[in-house]
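These notes concern the structure reproduced below.
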Amino acid sequence: MLPPESLLSDFLILDQSIHGQRLVYLDNAATTQKPMPVLLASRHYYEAINSNIHRGTHQLARAATEAFENARKTVAEHLHAASGDEVIFTSGTTASINLVAGILALSGRIGPGDEVLVSTLEHHSNIVPWQMLCQRTGATLKVIPCHDNGTLDQQAFHSLLGGRVKILALTWISNAFGTVNPVAEMTRAAKAAGALVLIDAAQAIAHLPTDVQAIGADFLAFSGHKIYAPTGIGVLWGRAELLAELPPWQGGGEMIKEVTFEHTTYNDLPFKYEAGTPNIEGAIALAAALDYVNAIGLDAIHAHETALIRSAAEALGGIPSVRLYGPADRSGSLSFSIEGHHHYDIGTLLDHMGVAVRTGHHCCQPLMARFGITGTVRASFALYNTPQDVAALVTATAKAVAMLG
Ligand code: PLP
C-alpha cells in the first residue's frame with residue numbers, strides 16, 4: 001500500500017483551505033495536480049534551455065531538442081512502444097482522436113456501408129470525431145450497449161463485429177463510471193474481424209500500466225494532464241507501418257521534407273504528424289510526470305486507489321437514497337446520485353465542506369441518457385488521496401443529504 005502522506009509535500013496546491021476546510025481534491029478524472037518535479041521540469045526548461053527545436057545549430061536549440069526527443073523516448077518506454085517513431089506529441093486525447101479520425105477519413109479506407117464501432121461508455125471526444133468521419137465518408141456509427149451495472153454487453157459486441165466494422169474506438173476506463181473494459185480481449189476480437197482499433201487511454205494512463213504491444217491495438221491516445229503533467233500536451237501512439245501508410249494531417253513546418261510551389265514531400269515519422277512548433281515544455285514535463293509515476297509504480301498506485309474507491313463505495317452505498325453507478329471493480333472514478341436531489345446541489349454543498357468533486361454529464365451525455373439521468377456526482381481518485389479524504393467525502397455527503405432533507 002502506498003503511503004500517500006509521504007508524497008503530499010510534492011503537491012503544494014493540496015495544502016490549502018477551501019471555505020475554511022482542508023481541501024479534499026477528488027476531481028482527478030477531470031485533471032490531476034502536478035508534483036514538484038513536474039513543475040521544476042517546466043521551470044527549468046524556460047529558465048535554462050527555452051528555444052525552438054530541431055533546426056537550430058546553437059547550443060540552446062540543441063539542448064531543447066535533446067530534452068524533447070528524450071521525452072519522446074520516455075513516453076515510448078512507458079507505453080512499451082516498438083520505437084519513438086510511434087509516439088506523436090499532440091495537445092491531448094481529443095486532438096489525438098481527431099487526428100486518427102481525420103486521416104482515416106482522408107485515406108479512402110472507409111466508405112459508404114462501412115461501420116465505425118464505439119461504446120455507450122465513451123466520452124464525447126471518442127464519439128463526435130467518429131460522427132464527423134461518418135458524415136464525411138458515408139459510414140455508419142454503431143454502438144456497443146452496456147448492462148445496468150455499467151459494463152459493456154460483450155455478446156452484443158461480438159454480434160456487431162459481424163458487420164462491416166472498419167474501426168473500433170473504445171475507452172479503456174470510463175471517466176463517468178470507472179468501468180474497466182477488457183481492451184486486450186476486445187482488441188483481439190475486433191482485429192480478427194478485420195477492424196482497426198483505437199484505445200482511448202485518457203483515464204487508464206494514470207491508473208494502469210500501459211503496454212501497447214500487449215493490448216495489440218493500432219492507436220492509443222492520452223492526455224498529459226490526467227497523469228500529473230501540464231495541460232496542452234498529449235500523445236497519439238500508432239503502429240509505425242500504419243502511420244507511415246496513412247496520409248498526413250495538418251500541413252506546415254516540420255512535417256515536410258521538401259517544399260516547392262508545385263509539390264511537397266512529407267517527413268518521416270513521427271514528424272509527419274507534428275506540424276508546427278510543438279509544446280516543447282509540455283513534452284519535457286510529461287516525461288518528468290511519467291518518471292515520477294514510475295518511481296512509485298503504477299501497480300502500487302492502482303492498488304492504493306482501488307482500496308480507497310472500494311471503501312468510498314461501501315460507505316456511500318450505506319447512505320440511504322444514494323445510488324451508485326458502475327461495477328464494483330471500478331477504477332479511478334466513482335459516480336453516484338442522491339434520490340430526489342440534483343447532482344449540482346450536492347456538488348455545491350460538498351464544495352462548501354472543502355470536498356472538490358465533479359457534477360454533471362462528464363461529457364458522456366449518451367451514457368447518462370442510457371441510465372435516464374442528466375448527470376451524477378463523481379469522486380475520482382489519484383495517488384495522493386488518503387483514507388481521510390474518503391472519510392471527508394462520506395461525511396460531507398451524509399451531511400448534504402441531511403441538509404437537503
Ligand atoms: N476520453 C476520456 C475517457 C476522458 O476522460 C477525457 C477527458 O476527461 C477525454 C477523452 C478528453 O481528454 P482531453 O480533454 O484531455 O482531450
Side-chain angles (χ1 to χ4, degrees), residues 25-34 75 88-102 118-132 143-144 146 150-152 167-183 186 197-208 210 215 217 219-237 249 278-279 282-283 285-286 289-290 305 309 325-326 330-335 356-368 370 375-382:
Y25 186 77
L26 292 171
D27 193 18
N28 297 287
T31 202
T32 51
Q33 303 301 347
K34 323 306 171 197
V75 174
I88 315 291
F89 283 118
T90 66
S91 63
T93 309
T94 304
S96 299
I97 297 173
N98 275 279
L99 193 165
V100 175
V118 296
S119 87
T120 312
L121 294 170
E122 302 311 315
H123 187 282
H124 297 161
S125 291
N126 203 25
I127 299 173
V128 184
W130 303 112
Q131 285 175 328
M132 291 162 77
V143 184
I144 309 164
C146 77
T151 60
L152 292 180
I167 181 155
L168 164 68
L170 179 69
T171 193
W172 187 347
I173 295 181
S174 153
N175 64 304
F177 288 178
T179 311
V180 184
N181 287 323
V183 284
M186 292 177 75
V197 178
L198 175 141
I199 301 298
D200 174 352
Q203 293 299 323
I205 195 70
H207 304 300
L208 294 169
T210 302
I215 296 170
F219 308 101
L220 180 136
F222 75 90
S223 304
H225 71 101
K226 309 276 191 194
I227 184 162
Y228 314 104
T231 49
I233 185 73
V235 168
L236 169 67
W237 167 83
W249 179 227
N279 182 349
L286 170 59
L290 294 178
E305 293 168 342
I309 211 165
Y325 298 88
R330 52 178 81 73
S331 182
S333 293
L334 171 63
S335 256
V357 292
R358 189 145 294 243
T359 60
H361 54 62
H362 316 297
C363 296
C364 293
Q365 285 179 344
L367 178 63
M368 299 297 126
R370 154 68 178 80
T376 68
V377 181
R378 182 187 71 186
S380 52
F381 296 81

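The analysis underlying the following values was restricted to heavy atoms, covering all of them including side chains, and did not include hydrogens, waters or symmetry mates. One-based numbering, in listed order, for ligands and for the atoms of each.
- Residue Asp200 touches ligand 1 through its side chain alone, judged by heavy-atom distances below 4.0 Å.
- Residues Thr151 and Thr179 share a closest heavy-atom pair of CA-CG2, 3.9 Å.
- When only non-hydrogen protein atoms are considered, atom 5 (O) of ligand 1 lies nearest to Gln203 NE2, 2.7 Å.
- At distances below 3.5 Å, not a single donor-acceptor pair connects side-chain atoms of Ser223 with backbone N or O atoms of His225.
- Partner of His207 under the side-chain contact (heavy atoms from CB on, under 4.5 Å) criterion, chosen from Ser380, Ser333, Ser331: Ser331.
- Protein heavy atom nearest atom 4 (C) of ligand 1, with residue, atom name and distance: His123 CD2, 3.4 Å.
- At least one heavy atom of Lys226 sits closer than 4.0 Å to an atom of ligand 1.
- A donor-acceptor pair is defined here as one N or O able to donate and one able to accept, closer than 3.5 Å; no such pair exists between the side chain of Lys226 and the backbone of Ala202.
- Within the structure, ligand 1 has Thr171 among the residues with a heavy atom less than 4.0 angstrom away.
- Listed by number with element, the atoms of ligand 1 under 4.0 angstrom from any heavy atom of Ser125 are 10 (C), 11 (C).
- Interface atoms of ligand 1 facing Ser223, defined by a heavy-atom separation under 4.0 Å, are 12 (O), 13 (P), 15 (O), 16 (O).
- Residue Asn175 approaches ligand 1 through these ligand atoms, each under 4.0 Å from one of its heavy atoms: 3 (C), 5 (O).
- A donor-acceptor pair under 3.5 Å links the side-chain atoms of Ser96 to the main chain of Gly92, judged by distance alone.
- The single protein non-hydrogen atom nearest to atom 16 (O) of ligand 1 is Thr94 OG1, 2.5 Å, given as residue, atom name and distance.
- Residue His225 places a heavy atom under 4.0 Å from ligand 1.
- Residues Thr376 and His362 bring a donor and an acceptor atom of their side chains to less than 3.5 Å of each other.
- A donor-acceptor contact shorter than 3.5 Å links the side chain of Asn279 to the backbone of Gly232.
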